[in-house]
Amino acid sequence: MHRYLVVANQTLDSDELMTLVRERTSAGPAEFWLVVPATPVKDLVANAMPVPMPVMGGVATLPGPPQEARRLAQVNLDAAIKKLTAAGGSVNGAVSDADPMRAVGEAVGSREFDEIIVFTLPPRLSRWLHHDLPARLQHEFHLPVTQVVVTDV
């Protein structure tokens, strides 16, 4: 049985994730554990557009509280588990620390995995790629790391 640790949040609903789960499952018995970092609301791609300046009639918004980040991550996780399980995957997971390194550390500390798979936004949008997350994960946890860049954002 192969055990995969999948790190994703805003990319959980991607075709790329569905394809990967189907491919890995068809190759043999596989289990997937989804780690969903609770990305702060202010850092979500949907919120990346500039906020109008108050002098222009707009109202600056404050970032959402950490509870909102966890709630949004849980919604993404629940939908992904339902979708991937319906497609035949053995899938479970948890919302975790906003820092993906700590989130993976928590998962690796309590489970065994054969590979870490990181799903990221395209390079122009991805904080994880700007911080070289895939290489840092491989260096820290000594597991093979596969990076999948989602294009249908």
Side-chain angles (χ1 to χ4, degrees), residues 1-51 61-134 136-138 141 143-153:
M1 166 91 53
H2 288 281
R3 294 182 188 101
Y4 300 100
L5 172 61
V6 176
V7 186
N9 184 338
Q10 298 176 84
T11 54
L12 281 171
D13 191 34
S14 68
D15 293 338
E16 289 89 345
L17 178 55
M18 178 67 82
T19 299
L20 181 128
V21 168
R22 284 186 178 143
E23 287 172 356
R24 299 290 169 98
T25 302
S26 70
E31 290 180 351
F32 300 87
W33 183 260
L34 305 179
V35 168
V36 184
T39 304
V41 174
K42 68 178 180 58
D43 293 338
L44 296 174
V45 169
N47 295 327
M49 63 189 88
V51 176
T61 59
L62 297 173
Q67 299 89 337
E68 181 64 5
R70 290 193 76 77
R71 186 191 71 76
L72 292 171
Q74 188 67 53
V75 167
N76 288 343
L77 174 62
D78 292 343
I81 289 173
K82 183 177 179 181
K83 179 178 175 181
L84 297 171
T85 300
S90 174
V91 183
N92 213 323
V95 171
S96 196
D97 195 284
D99 179 324
M101 290 294 292
R102 284 195 295 261
V104 169
E106 289 172 13
V108 169
S110 62
R111 292 178 172 70
E112 289 188 27
F113 298 101
D114 300 306
E115 181 180 1
I116 300 171
I117 305 169
V118 181
F119 282 81
T120 70
L121 297 167
R124 64 181 166 51
L125 300 172
S126 176
R127 288 176 177 265
W128 292 359
L129 290 179
H130 290 155
H131 294 126
D132 201 17
L133 179 64
R136 291 174 50 221
L137 289 170
Q138 190 162 16
F141 300 108
L143 287 168
V145 175
T146 299
Q147 173 187 327
V148 178
V149 176
V150 173
T151 58
D152 62 352
V153 179

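Given the structure is predicted, the values throughout are model-derived calculations rather than measurements.
- Across Val149, Val7, Thr11, a single residue satisfies side-chain contact (heavy atoms from CB on, under 4.5 Å) together with Phe119, and that is Thr11.
- Taking CG of Leu17 as the reference point, atom CG of Leu84 lies at 5.0 Å (rounded to 0.5 Å).
- Here the straight-line distance linking atom CZ of Arg70 with atom CG of Leu77 works out to 10.5 Å at 0.5 Å rounding.
- Annotation: the span from Leu5 atom CG to Leu143 atom CG amounts to 8.5 Å, rounded to 0.5 Å.
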Working note: Thr25 + Phe32, criterion side chain to side chain contact (heavy atoms under 4.5 Å, CB included); need CA distance, chi angles, decisive distance, verdict. CA-CA 10 Å; Thr25 302; Phe32 300 87; 3.6 Å; yes

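- Between the side chains of Thr120 and Gln147, no donor-acceptor pair of N or O atoms lies under 3.5 Å.
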Should Glu115 and Thr146 be marked as a side-chain hydrogen bond (donor to acceptor under 3.5 Å, both in side chains) after you check the CA-CA gap, both sets of side-chain angles, and the distance that decides it? CA-CA 8 Å; Glu115 181 180 1; Thr146 299; 2.3 Å; yes

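- Side-chain atoms of Asp114 come within 3.5 Å of backbone N or O of Arg3 as a donor-acceptor pair.
- For His2, the NE2 atom sits in a loose shell: 12 or fewer heavy atoms of surrounding residues, nucleotides or ligands are nearer than 6.0 Å.
- Between atom CG of residue Asn76 and atom CG of residue Leu12 there is a gap of 5.5 Å, rounded to the nearest 0.5 Å.
- Here the CE atom belonging to Met18 is positioned 12.5 Å from the CD atom belonging to Glu23, to the nearest 0.5 angstrom.
- Residues Arg136 and Trp128 form no side-chain contact, since every pair of their non-hydrogen atoms from C-beta on lies 4.5 Å or further apart.
- Looking at heavy atoms from C-beta onward, Glu16 lies in side-chain contact with Thr151 at the 4.5 angstrom threshold.
- With rounding to the nearest 0.5 Å, the separation of CZ in Arg24 from CD in Glu31 is 14.5 Å.
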Would you please test Trp33 and Val6 for side chain to side chain contact (heavy atoms under 4.5 Å, CB included) and show each step? CA-CA 6 Å; Trp33 183 260; Val6 176; over 6 Å; no

